[in-house]
Amino acid sequence: MSTNKLGKQTNALHFGYDKDKQQTVSVPIYQTTAYAFDTSLQASNRFSLQELGNIYSRLTNPTCDVLEKRISVLEGGTASVVTASGSAALFYAVTNIAGSGDNVLVANKIYGGSTSLLFHTLKCFGIEAREFDIDDLSTLESKIDSKTKAIFFETLSNPQIAVADIEAIAAIAKKHKIISIADNTVASSYLCNPIAHGVDVVTHSLSKYASGQGSVLAGSITEREGLNELIKDNPRYAHFNEPDESYHGLVYTSLPLPNYTLRIRIALLRDIGASLSPFNAWLVLQGLETLAIRIKKHSKNALKIAKFLETHPKVESVSYPALESNKYYALSQKYFYKGRASGLVSFVYKGSLEEARKVVDSTSIFSIVVNIGDTKSLIVHPASTTHSQLSEAELKKVGILPNLIRLSVGIENIKDLKEDLKEALGE
Ligand SMILES: *Cc1c(COP(=O)(O)O)cnc(C)c1O
């Protein structure tokens, strides 16, 4: 298991890399497509998994391997696979366990790109996404049948800023022996560890807080220790228990390795290949080193901005889970380290859609960017950008009002940020 007694701040800098052997302080970038074998026997042993080791960088790479170990230790999981993007991570996490004729239960408040992947693209693969209300789990169980393969939700949702009752969802999944998958991108591995609350699989877009500088696309999938036992002889996951013809009859559950991520690597990465490049893995490793101090500063700045906005006459309402007035306050205090809630804040401007856009255009430190989790402060008007493809009724359903403005509060000087917003809001 990827664990030790050291704190996350220490592991984020040292875990999984033997610098005594390599003598380089920075993790090297293994910019290579493939690996040389000592003998042809070794080559054939690697292909048959009798010996674990590098074959080709679509499957494994030493730089990516260090990142996988660090994500595993920060999430308290047993094994991870890194991917070319967060979207690729979610695609693999779901298609690893669901195929044509199956269904997955999906929370209603999630990232827009994940909605289109799960509800539209996967439909073309014959996988049905069934929506459930993240704020009312009473109907969740009634949507489960024998073809349900996963329950997916975001711990802290982007952009609605809802906090999931992680333990309640994990308990329902456990009762029905279904794999639960949590996207932990916005909360980050520092504020929240879904596995500690009973979740089976954690996905990330490492493009956001994990890397932190808006300079890379990357994703990850982590499984908890003991997930093998849930998969073994479970009729929902028959393909893990039967011979895989594409791997000359390999039965995943017969191997003493983390089965779930193993199959993602040797079947899905092998065949689809959205692998993370070693250079991008290295960029994420640099970012992870400072995640602890960044997410603390993001959260502190965001709370101050949220409190400032709450008292502003031009602001109708503010959404930030660490505000005592917020409906997710109790859940944020229960699940997030020290009740911190990252840099994502949204507010409703007292004015029309056009006036809200004018506010966005009037800021100078906040950049107009659809990304989140950058060290720099970002601002966006969702109704005319990220959610512009939705109809008015759909916008209402997902909670995006025409005059809603979303902030990803950065780590700049708080006085400067407040001043910038004050001027943009007018009085
Ligand atoms: C950005 C994001 C994704 C997609 O990740 P990419 O790295 O952009 O592909 C998935 N989930 C959440 C919550 C995100 O914010």
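In each ligand, atom 1 is the first atom listed, and ligand 1 is the first ligand listed. All residue numbers refer to positions in the sequence shown, counting from 1. For the numbers below, each heavy atom of this structure counts, side chains included, while hydrogens, waters and symmetry mates do not.
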**Fill in**
Residues passing the salt bridge (Lys or Arg N to Asp or Glu O under 4.0 Å) test with Lys175, sequence neighbours excluded, are Glu141
Show me the short polar-atom pairs for ligand 1: any N or O of it lying under 3.5 Å from a protein N or O, with distances only.
| from | atom 1 | to | atom 2 | distance (Å) |
| --- | --- | --- | --- | --- |
| ligand 1 | 5 (O) | Ser205 | OG | 3.0 |
| ligand 1 | 7 (O) | Gly86 | N | 2.8 |
| ligand 1 | 7 (O) | Ser205 | OG | 2.8 |
| ligand 1 | 7 (O) | Ser207 | OG | 2.6 |
| ligand 1 | 9 (O) | Gly86 | N | 3.1 |
| ligand 1 | 9 (O) | Ser87 | N | 2.9 |
| ligand 1 | 9 (O) | Ser87 | OG | 2.9 |
| ligand 1 | 11 (N) | Asp183 | OD2 | 2.7 |
| ligand 1 | 15 (O) | Asn158 | ND2 | 3.0 |
| ligand 1 | 15 (O) | Lys208 | NZ | 2.7 |

**Prompt:** Hey, what's the ring geometry for Phe308 with His312, parallel, tilted or perpendicular (30° and 60° as the breaks)?
**Reply:** perpendicular
**Prompt:** Under 30°, 30 to 60°, or over 60°: which ring-plane class applies to Phe240 and Tyr260, parallel, tilted or perpendicular?
**Reply:** parallel
**Request:** Quick one: do Tyr35 and Ile55 satisfy side-chain contact (heavy atoms from CB on, under 4.5 Å)? Show the steps, please.
**Result:** CA-CA 6 Å; Tyr35 306 87; Ile55 297 173; 5.6 Å; no
**Prompt:** Per the side chain to side chain contact (heavy atoms under 4.5 Å, CB included) rule, which among Leu331, Leu303, Leu156 passes with Pro321?
**Reply:** Leu156
**Message:** Before you tell me yes or no, could you show the steps for Asn326 and Ser319 under side-chain contact (heavy atoms from CB on, under 4.5 Å), namely the whole-Å CA-CA distance, both residues' side-chain angles and the distance that decides it to 0.1 Å?
**Reply:** CA-CA 7 Å; Asn326 189 271; Ser319 178; 3.9 Å; yes
